[in-house]
Structures are given as C-alpha cells and as structure tokens.
Amino acid sequence: MVVERASQQARVLVASNRGPVSYSTADDGSLTVKRGGGGLVSGLSAIAAGGSGTEKDADAVWVCAALGDGDRQAARRRSDGRLDPSDTGGQSVRMLDIPAETFSAAYNGIANSVLWFVHHMLYQTPLEPSFDADFEEQWAAYKLYNAAFAQALAEDAAHGASVMVQDYHLTLVPGLLRAYRPDLRIGHFSHTPWAPPDYYRMLPDAVAEEVLRGILGADRAAFLTERWAQAFADCCVRVLGARTGRNEATQEIEVVLEGRTTRLGVHGLGADAEFLRERAGRDDVEERIGMLRKQIGSGPDGQPRRALVRVDRTELSKNIVRGLHAYRRLLEDRPEWRERVVHLALAYPSRQDLAVYRDYMTEVSRVADEINSTYGTDSWTPVVLFLKDDFARSLAAYRLADVALVNPIRDGMNLVAKEVPVVSDDGCALVLSREAGAYAELGDDSIVVNPYDIADTSRALHEALTMERHTRAERTKRLSTAATALPPTRWFLDQLEALRAVTP
Ligand code: G6P
C-alpha cells in the first residue's frame with residue numbers, strides 16, 4: 001500500500017463506523033445534516049477546547065464511514081472526504097466513501113450479523129451460524145472496509161500520533177495500521193461485551209485468529225468492564241496461545257503474543273449528568289411529561305398509576321419481548337396490579353436492514369397487543385408502546401418512571417440504566433440484568449435479575465413497584481453517584497492519557 005501523507009496531520013485520531021454527523025437528502029436534492037452526541041463527541045470537543053492541554057483544534061481528526069446516500073454525497077464534495085466544518089461544529093471529520101456493496105457486506109453482513117451476534121451470544125445454534133460462501137465474500141468485504149480505514153488513518157496521522165479505534169466494526173484496523181505506521185500509538189475500544197472462548201470459537205478458526213490479532217495490533221485494547229477484558233484475554237490464550245499477566249504498576253491485564261505486549265484497559269463509560277439535567281429540564285420534555293401522565297392516568301382508587309418504563313433501541317440483545325412476558329406474568333399472578341400500573345415501552349427502530357431486527361420489532365408489537373387485549377379495559381391500557389425515536393420523550397419517561405426495567409440478555413454497558421437515576425424526579429427503582437456491563441457498578445442498589453427467567457423478572461418488578469419511597473430515593477441517589485463516576489469527557493481523556501503513557 002502507498003501511504004500519501006495528508007498536508008495537515010493530526011496528533012489525535014478517532015476512527016469509528018458511525019461518525020458524529022449524518023446527512024439525509026431532501027426531496028429537492030439538498031442535504032440536511034444531523035449532529036449526534038456521546039462520549040467520543042464530547043471527548044474530542046474537550047481536546048478542541050484545549051482540555052488535554054496539548055492539542056489544538058486542527059490537531060484532531062475523526063475518520064468514519066459514509067453510511068447512506070446523503071453521507072456519500074457529503075463525502076464527495078471534497079476529494080479528501082473532509083466534511084464542511086460548519087456541519088461538524090468545527091471538528092475535522094473525514095468520511096470514507098467506501099463502495100456501498102462493500103460497506104453493506106462489512107456492516108450488515110459481518111459486524112452486525114456475525115461479530116455482534118457472537119459477542120452478545122444471540123445465535124439460535126441448532127441452525128446458525130453456518131459459515132458458507134456468502135460469509136467468505138462478506139469477510140473479504142470486511143477486510144477491505146478495515147483496510148480503507150487503516151489507509152486513511154495512516155495518511156492523516158502525524159508522527160507518533162495517538163489513534164483511537166472504536167468497536168467490532170474495526171477489529172482489523174490496529175494490526176493493519178501498525179504495519180504501515182509503527183511510529184503510532186494505537187488504542188482499540190470495544191463498546192460491546194466480549195464472548196467467552198467456547199462461544200467465540202464458533203467463528204471459523206482463521207477468522208477468530210484474525211480478529212484477535214487485529215486488536216492485538218493495538219498498544220492498548222480497552223473495554224467497558226473487567227469481565228469483558230478478561231473474556232478477551234481468555235480468547236487470546238485459547239485461540240492464539242498468548243500469555244497473560246498483570247502490569248505491576250497499573251494492575252492492567254497484559255497479553256503477550258510473539259514478543260509484543262498489548263495492555264488491556266477498563267473504562268466504564270458513565271452518564272453525562274450536566275448535559276442530561278439541562279436537557280431534561282427543557283420545555284419539550286415538560287410537555288411530553290404532561291402527555292405521558294395523561295396516558296398513564298389514575299387507578300380505581302383515584303391515585304396516579306405507577307409507571308414502569310423501558311427505553312431501548314429495538315435490539316435483539318435488549319430482551320424487550322421477555323420483559324413484556326414478565327409484565328404479563330405480573331398482571332396474571334398479582335391481579336392487585338391490574339389497573340394500577342402502566343408499562344411505557346419506548347422501543348426505537350434500529351438496524352432495519354436486517355430481517356431479524358424487523359421480525360423482532362413485529363414480535364414486540366404483537367406481544368404488547370396481546371397483553372392489552374387480554375387485560376386492558378375501557379379506562380386502562382396496560383402497555384403503551386412508542387416506536388418512534390424521540391429523545392425528549394425518553395427523558396420525560398426517565399423523569400417520571402417509578403420503575404425502570406433494564407433486562408438485556410447481554411450488554412456492553414447499558415447507559416439507560418445510568419441515565420435514569422440521574423434525571424429521575426422522585427426516585428426510581430431499577431430492575432437490572434446481571435448480564436449488563438452496568439451491573440458491575442450499579443448492582444448493589446438495583447433489583448438484579450437473570451434476564452432469561454420470566455418468573456424472577458416478574459418477582460423483581462413486584463419488588464420494585466412496592467419499594468418504599470424513601471428507600472427508592474436513597475438508592476437512586478447512590479445509583480446516580482455511581483452512574484456519573486466517569487463522565488464521557490473524562491472517559492475519553494483517560495484513554496488518551498493511558499495511550500500516551502505507553503512506549504510504542
Ligand atoms: C452499539 C455499538 C455502537 C453502535 C451502536 C448503534 O452501541 O457498540 O458502535 O454505534 O450500537 O448501532 P448502529 O448499528 O446503529 O451504529
């Protein structure tokens with residue numbers, strides 16, 4: 001590969017599939033831009049504002065993929081794929097115009113249908129996965145897509161720069177980039193869980209190896225919890241025969257393979273209290289609280305009904321269907337709750353290119369309808385389902401929730417569990433799956449469930465609904481403290497500092 005150095009070189013680079021902005025095309029052909037949030041956005045803004053002490057605005061660049069047609073048009077405006085800074089809030093963003101078929105095979109075919117499934121243990125194994133010729137083609141596309149990122153980063157990085165590669169979409173990038181540019185400090189961050197070795201080894205052997213070797217190309221590979229870092233280390237031992245130990249100074253796990261050491265870091269991303277509290281206090285949220293309260297209504301005793309809330313992307317791992325079954329079981333086993341509770345389920349569309357996600361969404365609606373037709377009355381709708389993404393409504397639901405249900409079958413962290421306690425008006429009981437990364441920090445003050453166990457989840461819902469007000473308020477305070485221990489900006493800067501402390 002020929003690496004052509006960009007004229008302006010960056011000292012800090014972030015690479016992720018989804019970038020900080022997305023474009024859509026209006027009917028008249030014009031482009032509208034939408035800006036996203038999250039830990040990477042706030043971390044990079046902190047650098048731009050001089051937060052890390054050494055960087056200036058122009059020293060950071062974010063490399064991402066064009067996801068749809070609007071993005072592609074925007075990426076093609078300039079030959080180097082740089083976006084107009086007025087669209088990005090001044091941030092330097094390079095959007096890669098990877099051919100649509102290659103992108104789709106890599107993103108839908110490998111990242112979301114294989115790697116995501118492996119790490120969240122989502123396969124129904126009697127029939128899947130089945131790695132055949134289609135998979136081989138998609139895997140080839142995934143390699144091309146990773147190579148496009150590695151090339152762009154190699155071009156844009158200044159000598160000795162720090163590169164922070166994100167997630168399961170880009171597992172091969174650290175290894176490829178190290179081969180082009182051994183001078184760089186390379187970090188990789190997994191936002192997902194990591195599968196235990198027996199499950200991980202479902203992947204074809206060569207692929208299982210390539211993914212691990214790709215990430216081990218980094219100086220530091222970081223995870224959301226110790227549990228996922230340990231699982232990654234276990235896979236390196238079992239699949240690659242690597243050695244592991246602990247760094248004496250930092251206590252971080254180290255993986256040694258063929259004489260090179262990769263440190264494993266743990267950075268448990270927290271909620272952004274300042275942003276959430278400000279945003280949750282705005283008029284549009286107040287307005288939605290009014291609307292939701294009307295829908296919740298009052299029970300036969302004239303008291304406002306309890307609100308059981310969940311907010312998720314409609315994602316297979318979020319376990320929305322079993323959550324509904326547990327709620328049905330509650331209404332069945334404990335008729336005293338009928339007419340006295342409403343389940344607000346905010347389930348926003350996600351990854352709708354994949355049939356299995358569309359089917360899952362249909363199943364969520366079907367089960368909700370079934371519960372409503374079995375138990376509903378003229379004055380009471382047991383489940384109110386919202387299928388359209390509306391952030392202000394999510395915040396409104398967080399604020400008024402009596403109980404929040406977060407029951408994923410597996411989740412890297414789960415920020416909903418962390419966000420609810422931060423904005424809750426009167427305290428909220430949290431029912432939390434022990435398989436969510438957030439369990440490590442929030443388990444003590446939650447009602448913990450085995451997400452596969454409907455009876456257990458139903459019992460937990462009853463316990464949460466009957467929790468004394470003052471207990472609930474005290475627990476919410478402690479949950480909120482734990483949830484905000486590592487705010488997004490600090491989360492990002494800690495990783496950057498740790499990466500810089502590594503000798504390449
Ligand atoms: C998870 C992943 C992220 C991803 C997000 C949304 O949190 O770890 O990398 O951006 O899901 O998924 P999407 O496929 O819509 O980008």
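Just so you know, ligand 1 is whichever comes first in the structure, and atom 1 is the first atom listed for that ligand.
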Basic-acidic side-chain contact under 4.0 Å: R77, D87: yes
Run the side-chain hydrogen bond (donor to acceptor under 3.5 Å, both in side chains) test against D359 and tell me which residues pass, sequence neighbours left out. none
With Y348, which residues qualify under ring pair (Phe, Tyr, Trp, His ring centres under 6.0 Å), at least two apart? none
In short, salt bridge (Lys or Arg N to Asp or Glu O under 4.0 Å) pairs touching residues 261-277 with sequence neighbours left out are E254-R263
Could you tell me, for ligand 1, which of its N or O atoms are under 3.5 Å from any protein N or O, listing the pairs and their distances rounded to 0.1 Å?
{"unit_1": "ligand 1", "atom_1": "8 (O)", "unit_2": "D167", "atom_2": "OD2", "d": "2.7"}
{"unit_1": "ligand 1", "atom_1": "9 (O)", "unit_2": "D167", "atom_2": "OD2", "d": "2.5"}
{"unit_1": "ligand 1", "atom_1": "11 (O)", "unit_2": "R313", "atom_2": "NH2", "d": "3.4"}
{"unit_1": "ligand 1", "atom_1": "11 (O)", "unit_2": "R351", "atom_2": "NH2", "d": "3.2"}
{"unit_1": "ligand 1", "atom_1": "12 (O)", "unit_2": "R351", "atom_2": "NH2", "d": "3.0"}
{"unit_1": "ligand 1", "atom_1": "14 (O)", "unit_2": "Y107", "atom_2": "OH", "d": "2.5"}
{"unit_1": "ligand 1", "atom_1": "14 (O)", "unit_2": "R351", "atom_2": "NE", "d": "2.9"}
{"unit_1": "ligand 1", "atom_1": "14 (O)", "unit_2": "R351", "atom_2": "NH2", "d": "3.3"}
{"unit_1": "ligand 1", "atom_1": "15 (O)", "unit_2": "R18", "atom_2": "NH2", "d": "2.9"}
{"unit_1": "ligand 1", "atom_1": "16 (O)", "unit_2": "R18", "atom_2": "NE", "d": "2.8"}
{"unit_1": "ligand 1", "atom_1": "16 (O)", "unit_2": "R18", "atom_2": "NH2", "d": "3.3"}

Are more than 12 heavy atoms from other residues, nucleotides or ligands located less than 6.0 Å from atom CD of Q124? no
Under 3.5 Å, is there a donor on one side chain and an acceptor on the other for D134 and Q138? no
